Amino acid sequence: MLSKFRILHNLTQRISSTISTRNSANASHFFVYTKPLCTMVNSQSQLSPESPELPSWVMFSDNPTTPSDEDFVIPSLAHWVDSNILDTKPKLFVKPTLDESTHLVDVEPISIVLKEHYSSPELVTQALKVHAFKVSNSLVNQILKRFSNDWVPAFGFFNWAKTQTPYQHSPELYNFMGDILGKFKEFDLMWELVKEMAEFEGYVTLDTMAKVIRRLAKSRKHEDAVEAFRSMDEFGVKKDTVSLNVLLGALVKGESVEVAHKVLFEFESLIPLNSASFNILINGWCKIRNFENARKAMEKMKEHGFVPDIFSYNNFVEAYCHDKDFRKVDQVLEEMRENGCPPNAVTYTIVMLALGKAGQLSKALDEYERMKRDGIVPDTPFYSSLVFILGKAGRLKDACEVFEDMPKQGVVRDVVTYDTMITIACIHSKEETALRLLKEMEETSCKPDIQTYHPLIKMCCKKKRMKVLKFLLDHMFKNDLSPDLGTYTLLVHSLTKCGKLEDACRFFEEMVLKGLTPRQCTLKLLVGKLESKKMSKEKDHVEELMARVLELEQRHI
């Protein structure tokens, strides 16, 4: 179930940050309104039990009776799995130049060196000094991507690379490294890097300071984030409307709309505000369900000469949808129309998702009919959401037909669409379907993200497909994706529940050695299982690792 709600979260995030209302004149190009879903049978949008025909890509021999074998790989996919495990060439989705290709041959050898566990960045630098690797911006970028969730080898490599002549890190790579340090709360090192950047003209930009501010705010160092904003002039970065909105957004995401409120009114006489400044506050108040203050922010917005827009109202729609208060949702939709701000594709997608999550599939599909009447063209997020709610309702074949229909309607399948479809296939134990979708992404150059792999990993652990699990982790790495806290938590939980305790302990240790703090529920689950199996040595080691990471956390406070 966890993967489903992660997909829902990703869809909602995409919807909240994207407004894309297309011209209604192009509507027929995207969807044949007389046949909105091939399973529609009446105007109430009821679904037939199942679609009579399926697209060819889903007609696979998913066999739930296949014996659970650690080395088992579905025969039709065996060559692909084996070649990916053995192949050491990096997977690139952007064709490199000839010079970059020469440098990128060192990606795998460097990765092997960095995979060793080092206690400090200095030891990493020492280990690299004995090698004659050629450095380029492309190579450094790929290595930092691969080790973005393991700051010690990333920083050690970064420091070694800048000593190689005539190479010099680009501003973007400094920003990338600073963001990694901020993610792991290595704020002293992060600031040292910013000061180092300041020695090069034009290196410190708003992008640099935005990453600093966001990492501080996310770690609940709200006052430090505000101070970072105040100090931007020292680094040659201007305090203006855009940078103020960056600070406000970071504070809201860092769960401190109250501080954001104070900051806005502190700087309103010094820095011009825009409608986005108030929309950020409205979003923050709506997130914590303080609708009174959200309305006050909307009134303040009007006082400054701005008219509440689609962003303003969608915040209320999303909050009420989250609470399943659909009566309030209808009131906001009516208010929008009365004020000359009709709902757009984002609005309808938010409502449809909420109704689908609430188990009201028929009403969710009715939103599509309302959307058509408003002349709004379905876009990629809408289709992805439609696939999600159909799959959640158990309508796998209908979800497959919508997925298959997207390119026919001129709508691009993006990574969220694939993530959604893979999750649905995994929930229904369609192992071959799920893996073929991953293979299709590779063939269509739709680069997977970390959420692509989570449902696949969970399914493999449940089925004890250890060879396929190794393939997935290798496939992630070759796509420059580094396992994060969520990935390790999923691995430890899933392997513990299926009885693979030695593997669960190994991933728990790897998580700690990378500086990631395991959740208490993860520790409790693993220790409990180890106790029940009388694996006292392993239990003591896990508890020792946890004590070590908690001690390190205390030093950061």
Side-chain angles (χ1 to χ4, degrees), residues 1-3 6 67-73 85 111-120 123-124 127 146-154 183-185 426 450 453-477 481-556:
M1 295 297 291
L2 181 63
S3 297
R6 279 184 177 151
S68 293
D69 183 347
E70 292 187 8
D71 294 323
F72 176 81
V73 181
I85 290 176
S111 297
I112 291 170
V113 175
L114 298 183
K115 275 187 172 182
E116 297 295 326
H117 292 301
Y118 301 94
S119 58
S120 70
L123 290 176
V124 178
R146 286 190 169 192
F147 292 89
S148 61
N149 287 309
D150 197 353
W151 79 270
V152 171
K183 178 164 57 175
F184 283 87
K185 302 179 183 180
C426 289
I450 203 152
Y453 294 94
H454 282 188
L456 291 162
I457 287 171
K458 185 176 181 179
M459 180 180 64
C460 285
C461 290
K462 184 178 179 180
K463 290 176 173 284
K464 298 184 181 179
R465 302 276 198 249
M466 303 310 290
K467 184 175 181 178
V468 180
L469 179 62
K470 182 186 184 308
F471 153 74
L472 289 171
L473 295 174
D474 285 351
H475 201 267
M476 277 180 64
F477 192 67
L481 292 169
S482 178
D484 60 7
L485 177 62
T487 311
Y488 281 112
T489 301
L490 180 61
L491 281 163
V492 174
H493 278 243
S494 299
L495 289 167
T496 300
K497 288 175 181 178
C498 77
K500 304 292 293 183
L501 295 178
E502 294 85 358
D503 294 298
C505 289
R506 179 167 60 85
F507 283 115
F508 187 93
E509 181 172 28
E510 191 174 307
M511 174 169 36
V512 170
L513 291 174
K514 285 188 175 183
L516 299 168
T517 304
R519 295 168 183 151
Q520 283 297 323
C521 61
T522 306
L523 177 68
K524 184 178 178 181
L525 176 67
L526 182 55
V527 167
K529 280 288 185 180
L530 292 170
E531 279 183 342
S532 69
K533 296 294 182 182
K534 303 192 184 309
M535 298 172 68
S536 56
K537 183 179 177 181
E538 291 83 355
K539 170 182 167 292
D540 292 344
H541 183 56
V542 165
E543 290 179 329
E544 181 185 332
L545 286 168
M546 192 69 181
R548 188 191 309 173
V549 76
L550 291 175
E551 181 184 345
L552 288 171
E553 271 207 336
Q554 286 297 316
R555 294 178 188 175
H556 286 297

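From a predicted model like this one, the values you see are computed outputs, not experimental measurements.
Within a 6.0 Å sphere centred on NZ of Lys529, other residues, nucleotides and ligands contribute 12 heavy atoms or fewer.
How far OG of Ser494 is from CD1 of Ile457: 8.5 Å, rounded to the nearest 0.5 Å. Interatomic distance, CZ of Phe471 versus CG of Leu456, reported as 8.5 Å (0.5 Å rounding). Thr489 OG1 to Leu516 CG: the interatomic distance, rounded to the nearest 0.5 Å, is 8.5 Å. The structure places NE2 of His117 at 5.5 Å from CD of Glu510, a figure rounded to the nearest 0.5 Å. Note that CD of Glu116 and CG of Leu123 are 12.0 Å apart. Values are rounded to the nearest 0.5 Å. Put simply, OG1 on Thr487 and CG on Leu481 are 9.0 Å apart, with the number rounded to the nearest 0.5 Å.
Under a 3.5 Å cut-off, the side chain of Lys458 and the backbone N or O of Leu490 do not form any donor-acceptor pair. No donor-acceptor pair under 3.5 Å is formed between the side chain of Lys464 and the backbone N or O of Lys500.
Between Tyr453 and His475, the angle of the ring planes lies from 30° to 60°, which puts this pair in the tilted group.
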task = Evaluate the salt bridge (charged side-chain N to carboxylate O under 4.0 Å, His left out) criterion for residues Arg506 and Glu502: first the C-alpha distance (whole Å), next the side-chain angles of each, then the deciding distance (0.1 Å), finally the verdict.
result = CA-CA 6 Å; Arg506 179 167 60 85; Glu502 294 85 358; over 6 Å; no
query = Would Met466 and Asp503 satisfy side-chain contact (heavy atoms from CB on, under 4.5 Å), going step by step from the backbone distance to the final call?
reply = CA-CA 10 Å; Met466 303 310 290; Asp503 294 298; 3.7 Å; yes
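Across every non-hydrogen atom of Ser482 and Ile450, the tightest pair is O-CD1, 3.3 Å.
Figure legend: cation-pi geometry between Lys115 and Phe477, with NZ or CZ positioned under 6.0 Å from the six-membered ring centre and within 45° of its axis.
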